[in-house]
2 protein chains.
Amino acid sequence: MNSAANLKVVRPGYHHGDLRQALLMAAKALIAEAGIENLSLRKLADRAGVSRTAPYHHFTDKNDLLCAIAAQGFRRRYQGAQDTFNDPSLTAEEKFAEFICGYVRFAADNPEEYELMFGRNIWKQKNSTQELRDVAYPCFQHQLEMITSWQEAGLISGDNPLRTTQVIWGTVHGIAKLLIDGIYTDSAQIEEVSLCAIKLFIKKAS
Amino acid sequence: MNSAANLKVVRPGYHHGDLRQALLMAAKALIAEAGIENLSLRKLADRAGVSRTAPYHHFTDKNDLLCAIAAQGFRRRYQGAQDTFNDPSLTAEEKFAEFICGYVRFAADNPEEYELMFGRNIWKQKNSTQELRDVAYPCFQHQLEMITSWQEAGLISGDNPLRTTQVIWGTVHGIAKLLIDGIYTDSAQIEEVSLCAIKLFIKKAS
DNA sequence: GATGCTATTTTGACACTGTCAAGATGTGTT
DNA sequence: AACACATCTTGACAGTGTCAAAATAGCATC
């Protein structure tokens with residue numbers, strides 16, 4: 001038995017090589033070019049140089065494909081958040097500020113990916129894949145842990161860690177959404193809005 | 001010349017009566033039944049008892065129709081917010097609390113309508129109708145005025161009224177979005193989350 | 001009242017979408 | 001070499017938004 005036989009990844013040498021990965025790459029490119037709503041499986045297959053229905057052997061559904069892309073986004077975001085939280089050269093306040101600003105910046109820099117990660121199409125009803133949930137929930141959990149630690153350290157206001165996390169997450173998510181959905185027209189102010197949010201949540205020393 | 005000739009409304013006695021209104025009603029019914037993403041103009045026309053392309057003489061576009069529904073939502077929300085703000089029997093703190101809770105409740109009670117009002121499909125690029133902008137912008141402006149007044153009265157923290165408004169709006173929008181998009185699974189906690197947000201924003205007297 | 005103008009509605013058509021069923025083709029194993 | 005299986009293709013279907021042209025109904029004017 002081959003060494004990589006029990007893994008589903010890295011299986012080159014087939015008809016196309018590794019079509020699953022190629023499809024994901026092409027999909028991200030197409031989305032970056034024309035937005036999610038303009039992504040069709042047929043255009044995607046065309047871009048990848050295969051037939052219309054070829055993707056269906058690697059993704060059960062269009063939704064399945066979108067979930068896979070969203071999962072990549074969660075992994076990236078989780079990595080970034082964890083890196084700053086574990087950076088020993090930063091104070092707790094700096095970490096909190098970077099969490100807020102970094103969150104909003106992530107959404108602003110990858111609007112289509114963020115839209116996918118938190119779009120209603122994926123989460124409403126039972127559309128989310130097991131893979132997506134497996135990577136998204138730890139991401140949510142990590143946010144709770146970080147905010148809990150900052151609250152216990154007396155850095156930010158409030159008493160109930162879960163509720164506070166839900167509010168702060170709501171804040172950054174809402175700011176991000178208003179921006180990338182085109183309701184805040186002015187993206188130049190977005191850093192200032194993040195800074196204002198930080199000031200509002202940090203417990204005043206005076 | 002007829003008395004109502006210079007108005008575009010209330011023109012009964014035509015083929016259908018007032019199809020524009022009937023289409024709006026039917027659209028809201030269909031959306032309530034199966035969600036926005038399951039609304040098609042053909043099903044809508046069928047529900048209204050007309051041909052597939054009949055709606056195109058009352059709405060230039062599917063987007064135009066959705067904007068009209070969204071505009072109705074903004075009018076309702078604006079009315080509600082204004083009523084509580086002008087209620088003389090409430091204290092400033094009660095008004096602020098009701099603004100937060102009322103906002104989230106509005107979204108929770110009318111998820112599909114809220115999704116439409118703030119969906120990216122409408123606001124991204126130049127898709128928003130003039131009518132929609134004419135009713136939505138005063139709504140945003142009103143929020144700024146209310147929050148400015150509460151901030152000047154020393155009720156809530158922060159110094160820059162515009163930034164504070166953007167943060168607080170982001171917070172309620174984010175909480176609403178996380179709920180109605182199915183990411184917060186537990187809708188029973190939503191009132192508690194709103195209350196936590198209120199506590200975080202209100203300036204502590206101690 | 002007949003005629004013509006215009007608002008309204010319909011039928012037909014087109015390009016596009018997601019997805020299924022069957023067949024064809026390549027790849028690895030026995 | 002033969003088989004099993006993964007992979008890919010072709011064909012098809014129902015559905016979508018929207019345009020063009022034809023049909024119909026209401027109103028105003030002569």
Side-chain angles (χ1 to χ4, degrees), chain A residues 1-24 26-27 30-31 34-69 119 121-122 125 127 129, chain B residues 1-24 26-27 30-31 34-69 119 121-122 125 127 129:
Chain A
M1 191 170 282
N2 203 337
S3 64
N6 46 353
L7 288 175
K8 269 204 165 178
V9 267
V10 194
R11 211 190 276 187
Y14 264 95
H15 298 158
H16 179 279
D18 190 357
L19 191 93
R20 185 187 162 95
Q21 203 60 31
L23 285 170
L24 285 175
L30 280 173
I31 284 174
I36 313 160
E37 50 271 355
N38 282 79
L39 173 71
S40 79
L41 283 188
R42 301 171 101 107
K43 278 188 270 186
L44 173 60
D46 197 48
R47 172 71 67 104
V50 292
S51 174
R52 297 132 257 159
T53 58
Y56 284 87
H57 293 89
H58 300 273
F59 303 96
T60 66
D61 228 340
K62 181 181 188 180
N63 182 71
D64 190 32
L65 198 168
L66 296 181
C67 281
I69 300 176
N121 299 330
I122 284 185
Q125 276 127 15
N127 282 350
T129 313
Chain B
M1 193 169 283
N2 202 337
S3 64
N6 47 354
L7 287 177
K8 270 204 163 175
V9 267
V10 193
R11 211 190 274 185
Y14 264 94
H15 299 156
H16 180 279
D18 189 357
L19 191 93
R20 186 186 161 93
Q21 205 59 30
L23 284 170
L24 285 174
L30 279 174
I31 284 174
I36 314 161
E37 49 272 354
N38 283 78
L39 173 71
S40 78
L41 283 188
R42 300 170 102 107
K43 277 187 271 187
L44 173 60
D46 196 49
R47 171 73 66 104
V50 291
S51 173
R52 298 135 255 157
T53 58
Y56 283 87
H57 293 89
H58 301 272
F59 303 95
T60 67
D61 230 339
K62 181 180 188 180
N63 183 69
D64 190 31
L65 198 170
L66 296 181
C67 281
I69 301 175
N121 300 330
I122 283 184
Q125 276 126 16
N127 283 350
T129 313

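In this entry the distance linking CG of Leu44(B) with C1' of dT16(D) reads 14 Å, nearest Å. Summarising the geometry, the separation between CG on Asp64(B) and C1' on dT18(D) is reported as 14 Å, rounded to the nearest angstrom. For the pair Lys43(B) NZ and dT18(D) P, the interatomic distance rounds to 15 Å; values are reported in whole Å. Straight-line distance from the CG atom of Asp18(A) to the P atom of dT7(D): 10 Å, rounded to whole Å. If you measure from atom CG of Leu65(A) to atom C1' of dT19(C), you get 14 Å, rounded to the nearest angstrom. Computed from coordinates, the Leu66(B) CG to dT16(D) C1' distance equals 14 Å when rounded to whole Å. Rounded to an integer number of Å, the gap from Asn121(A) CG to dT17(C) C1' is 15 Å. We find that CG of Asn38(A) is positioned 13 Å from C1' of dG17(D), with the value rounded to whole Å.
Rounded to the nearest 0.5 Å, atoms CG (Leu66(B)) and CG (Asn127(B)) are 10.0 Å apart. The distance from atom CD1 of Ile31(A) to atom CD of Glu37(A), rounded to the nearest 0.5 Å, is 9.5 Å. Taking CG from Leu30(B) and CG from Leu39(B), the interatomic distance works out to 6.0 Å, rounded to the nearest 0.5 Å. Between the CZ atom of Arg52(B) and the CG atom of Asp46(B) there is a distance of 10.0 Å, given to the nearest 0.5 Å.
Here the side chain of Ser40(A) pairs a donor or acceptor atom with the backbone of Lys43(A) at under 3.5 angstrom.
Under the side-chain hydrogen bond (donor to acceptor under 3.5 Å, both in side chains) criterion, no residue pair touches residues 55-65 of chain A, with sequence neighbours excluded.
For Arg52(A) and dT10(D), the shortest distance from a side-chain N or O to OP1 or OP2 is below 4.0 Å.
In this structure, the nucleotide among dA13(C), dA12(D), dA20(D) sitting nearest to the side chain of Thr53(B) is dA20(D).
Listed in residue order, the members of residues 54-62 of chain A having a heavy atom less than 4.0 Å from DNA chain C are Tyr56(A), Asp61(A), Lys62(A).
Looking at Arg42(B), its side chain has no donor and acceptor atom pair within 3.5 Å of the base of dG15(D).
Scanning for side chain to side chain contact (heavy atoms under 4.5 Å, CB included) contacts around Ala68(A) gives Arg20(A), Leu24(A), Phe59(A), Glu131(A), with sequence neighbours left out.
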